[in-house]
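Read the numbers this way: they start at 1 and go in the same order the structure lists the ligands and their atoms.
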Amino acid sequence: MADLKEARVPDIGGHSDVPVIEVLIKPGDTVEKDQSLITLESDKATMEVPAPFAGVVKELKLKVGDEVSEGALIAIIEASDAAAPAPAKAEAPAAKAPAPTPAPAPAPSPAAAAPQVKEEPAPIGGRGVLPGNAPEGDVAPQARPPLDAKLVMPGDAPYATPAVRAFARELGVDVRQVKGSGRSGRIVREDITAYVKHALASGARPVEGGTVAAGGGLNLLPWPKVDFAKFGEVEEKPLTRIQKISGANLARNWAMIPHVTQHEDADITELEAFRKKLGEENKDLKITPLVFQIKAVVAALKKFPQFNASLDATGEKLILKKYFHVGIAVDTPDGLVVPVIRDCDKKGLLDLATELGEISKKARDKKLGPNDMSGGCFSISSLGGIGGTAFTPIVNAPEVAILGVSKAQTKPVWNGKEFVPRLILPLSLSYDHRVIDGALAARFASFLATQLGDIRRLLL
Ligand code: CAO
């Protein structure tokens, strides 16, 4: 005779109406004892509820979004384990919302002759508390045994608060790889930071889904330790604060974003003539090619919204932005900073030139605040004032693309009849290949070149 039993939500530390954020089983699934059935998430903690016994799921009694309290019915399971724990007292409220109430006599499978349904609390019942609801480092209330991560998060499921999980996701860290140093093995923020530092130092690599692989990643050799003084005179110069911060960001972005760089040439002969004229008319203002590039970028972002986007923290959806804030890489004596010019779509060339002058000055005077450097949608890194023919800029996460600009040079261009001298501006568009396909990048870059090549389009 089939032995149908109820799996119910165990004691969750007196919390009630806790949302179900994941249902990990479906009817027909065979579950092992302690296999996670559902995940609950309070405002501070997530907790997976394990199966109290092994068996086959006959009926699922709740769904994602339901809110549950202790005793809510999760599923009817046909137990395969004769040695399953004895049934417990029924005192259970049902899952709130559309979830069915704990059925007094759940529908048996057709094969089950006169089935008897017993209630079975999950094994953490009666002892576990929802751990994240206690402040970090807090002591479990008296009369409750000390927290045990293995009890509240059985199996290999890591034990971390939603905030810590979100932080880990943001850095692309798979929390299953992280060893918790908190009470009862809880993963705390510092564990994530230490993990990333270690991963970077040991040459870790990105893996599918954007997580950092543990165990040495690419198996790179450790960074060479060399006594340079053995070979000649040396001098030590500590990195600046900006270099340290931007270095860590660049290293993460380079390691975690699959970069591809698309190169393109823009013929800016006409644009340059117009820029010079505009400069003569506005002698008090420095109007460089960069302001036209900002305008062209805005037009391209409008046409290709996928570039005006960021991956969300889970890496599973794109956040498309309806505003056009462009970051400009500025070289300062202390290192690279990227202030943001906001609402570039609403500003004219002269406004952009004024603002570009202001932020460059602010950057070089070390007066930029965090607000000046946040909210960017897309960045431009222009080395055109210095030189070069092309380079591969690093995407400024969480943006998905960046435009590198090199020095414009006069080159012979075939017009169908003859070679004519044209001013050619090299563009290097790096993009996150997880979000942008090569064909789309080629279209974006080509559109940019067309915009820059035809001043009338740019000014439309
Ligand atoms: N081709 C040819 N000439 C160019 C050019 C280009 N693509 N871009 C700028 N120029 C010219 C300008 O017209 C200007 O000429 P004049 O002196 O005759 O007026 C000169 O080069 C210097 O321009 P600039 O660099 O002062 O101004 P900008 O608006 O082009 O750039 C800023 C401003 C802040 C972006 C720039 O000063 C800067 O810091 N660039 C470095 C960015 C950087 O480091 N990127 C690398 C990031 S990855 O490490």
*Not counting sequence neighbours, list each pair that qualifies as a salt bridge (charged side-chain N to carboxylate O under 4.0 Å, His left out) and has a residue in residues 442-459.*
Asp454-Arg456, Asp454-Arg457
*asked:* For a quick check under 3.5 Å, do Glu190 and Ser181 share a side-chain donor-acceptor pair by atom type?
replied: no
*Main-chain N/O of Glu70 paired to Asp11 side chain as donor or acceptor, under 3.5 Å*: no
*Can you tell which of Val49, Asp66, Ile21 makes a side chain to side chain contact (heavy atoms under 4.5 Å, CB included) with Leu40?*
Val49
_Amino acids contacting ligand 1, non-hydrogen cut-off under 4.0 Å_ = Arg275, Lys286, Thr288, Pro289, Leu290, Ile328, Ala329, Val330, Asp331, Leu336, Leu356, Ser360, Arg364, Ser381, Ser382, Leu383, Gly384, Gly385, Val405, Ser406, Lys407, Ala408, Leu425
*Phe307 and Phe447: ring pair (Phe, Tyr, Trp, His ring centres under 6.0 Å), yes or no, with the steps?*
CA-CA 13 Å; Phe307 283 78; Phe447 180 80; over 10 Å; no
*With no hydrogens and no angle check, do the side chains of Asp334 and Thr332 hold a donor and an acceptor under 3.5 Å apart?*
no
